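Chain letters run A, B, ... following the sequence lines, proteins first, then strands; residues in each count from 1. What you see is a predicted model, and the numbers here were worked out from it, not measured in a lab.
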2 protein chains.
Amino acid sequence: MVKDVKEILKNNSLSITGSREKILSLFLEQPGALAHGDIEKRAGEKFDRVTVYRTLQTFVEKGIIHTIPTADNSIRYALCKDDCKEGHHHDHHVHFVCTQCNTTYCLDDVVTPELKLPKGYTSTHIEVVAEGVCKNCK
Amino acid sequence: MVKDVKEILKNNSLSITGSREKILSLFLEQPGALAHGDIEKRAGEKFDRVTVYRTLQTFVEKGIIHTIPTADNSIRYALCKDDCKEGHHHDHHVHFVCTQCNTTYCLDDVVTPELKLPKGYTSTHIEVVAEGVCKNCK
DNA sequence: TAGCAAAAAGCAACATGGTTGCAAAATATT
DNA sequence: AATATTTTGCAACCATGTTGCTTTTTGCTA
């Protein structure tokens, strides 16, 4: 059921290392988004902080994961869908933060709406974050 | 032209102090949003970091300013419109970050759009941040 | 307007999140 | 199997933000 971690790494021409396998599988194992802190905790104290930072950075660059801005000022990361290529993301979906369980979801099916901006403003990217109660907590 | 700073503080039952006057006038003097760092710089090295943090916190609590989440993980603050009351904000407008000059604007006239969320999800608040080029930089 | 209680400012110390440089270890390549 | 290249881990560092406590300032009242 779990997509082969090694395969994903190879496809992105990344060398296969323990930390990359472990961190990537953390993302595959669960539905929501992960913050840096979550990863350090769930990985079981195994990796250096720096390694986690660098691994996440690498994954973002390769388009394996994408970042989600949240109001509480902590960057979260989530898996990208298959149509994300290196350096060019297509995460035009809405993100949802549950105020109960504090989980962040990618609502892949909810597309970011069009906006009528004032004269003179041109937008290249629109980020939408909805806050509320998720289906598991209601 | 500049609204009386002392008046605003009084209306919110805040004591009138040097730092509050100074910081509040910084917001009134310019159109965009300010991050904590901006304030420390523009105030001319006069205030302690802690004072700035606490002043901003107080202003947020009183509904004088509101926070804007941004992708680069730094909280920005902007003036609230008049209909914001203590503990109850009405900042249901879109925010805009210019990638050229890095200014954050409140687009007060652009209302956050409605969203159709998946079954089971209930949202209490929707945050929209548009990224692009502003009218001064195009 | 002097005096006093309450609030705010300033300072030190700490916590967290994140980065950089470098040496040691692991990976990929022939 | 041996070497060149990556990646890791460590130490040190920086930025951002918080907490506790003392000193100063403010607002109020006599």
Side-chain angles (χ1 to χ4, degrees), chain A residues 4-26 33-62 64-77 86 102 104, chain B residues 4-26 33-62 64-77 86 102 104:
Chain A
D4 192 13
V5 169
K6 289 196 177 75
E7 197 64 29
I8 298 176
L9 291 175
K10 261 186 210 160
N11 288 345
N12 288 281
S13 49
L14 290 174
S15 25
I16 295 169
T17 68
S19 48
R20 283 181 183 161
E21 287 184 80
K22 182 80 199 219
I23 291 173
L24 185 48
S25 63
L26 279 180
L34 293 172
H36 169 87
D38 300 326
I39 294 166
E40 260 188 285
K41 276 168 214 144
R42 301 202 198 177
E45 321 294 314
K46 300 190 74 169
F47 305 118
D48 191 76
R49 250 154 26 101
V50 181
T51 304
V52 178
Y53 280 117
R54 285 200 268 234
T55 305
L56 289 173
Q57 205 174 292
T58 308
F59 285 178
V60 171
E61 279 163 16
K62 290 292 180 178
I64 301 173
I65 60 179
H66 65 272
T67 62
I68 307 170
T70 51
D72 68 337
N73 214 26
S74 70
I75 302 175
R76 282 154 191 272
Y77 301 86
E86 182 168 354
N102 207 30
T104 302
Chain B
D4 192 13
V5 169
K6 289 195 178 76
E7 198 64 30
I8 298 176
L9 291 175
K10 263 184 208 158
N11 289 345
N12 288 281
S13 50
L14 290 174
S15 23
I16 295 169
T17 68
S19 47
R20 283 183 183 159
E21 287 184 81
K22 182 81 199 220
I23 291 173
L24 186 47
S25 62
L26 280 179
L34 293 172
H36 169 87
D38 301 325
I39 294 166
E40 260 189 286
K41 276 169 214 145
R42 300 202 200 177
E45 322 291 316
K46 298 190 76 172
F47 305 117
D48 192 75
R49 275 213 332 276
V50 181
T51 303
V52 178
Y53 280 116
R54 285 201 268 234
T55 304
L56 290 173
Q57 204 174 294
T58 307
F59 286 176
V60 171
E61 278 164 14
K62 290 292 179 179
I64 302 174
I65 58 178
H66 64 271
T67 61
I68 307 171
T70 50
D72 67 340
N73 214 27
S74 70
I75 302 177
R76 283 156 190 268
Y77 301 86
E86 181 168 354
N102 207 30
T104 303

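- Both B/L14 and A/V50 lie near DNA chain D, and the one whose nearest nucleotide falls closer to the 5' end is A/V50.
- Ranking D/dT19, C/dA28, D/dT26 by closeness to the B/T17 side chain, first place goes to D/dT26.
- At a threshold of 4.5 Å between non-hydrogen side-chain atoms, the residues B/I23 and B/F59 count as touching.
- Taking atom OH of residue A/Y77 and atom C1' of nucleotide C/dG17, one finds them 10 Å apart after rounding to whole Å.
- Comparing D/dT18, C/dA9, C/dG18 by their nearest atom to the side chain of B/T51 picks out C/dA9.
- Side-chain atoms of B/R54 stay outside donor-acceptor range of the base of D/dG17, with no qualifying N/O pair under 3.5 Å.
- Positionally, the nearest nucleotide of DNA chain C for B/T58 lies more toward the 5' end than for the other of B/T58 and B/D48.
- Looking at B/R49, its side chain comes within 3.5 Å of the base of D/dG17 through a donor and an acceptor atom.
- Note on A/R20: only backbone sugar-phosphate atoms sit closer than 4.0 angstrom, heavy atoms only; bases stay farther off.
- The shortest distance between side-chain heavy atoms of B/T55 and B/I39 does not fall below 4.5 Å.
- B/D48 places a side-chain N or O within donor-acceptor distance of the main-chain N or O of B/V50, the cut-off being under 3.5 Å.
- Side-chain proximity of A/Y53 to D/dC10, C/dT19, C/dC11: nearest is C/dT19.
- Between A/L56 and A/I75, the closest side-chain pair of non-hydrogen atoms is not below 4.5 Å.
- A close approach under 4.0 Å does not occur between any side-chain nitrogen or oxygen of B/S15 and OP1 or OP2 of C/dA7.
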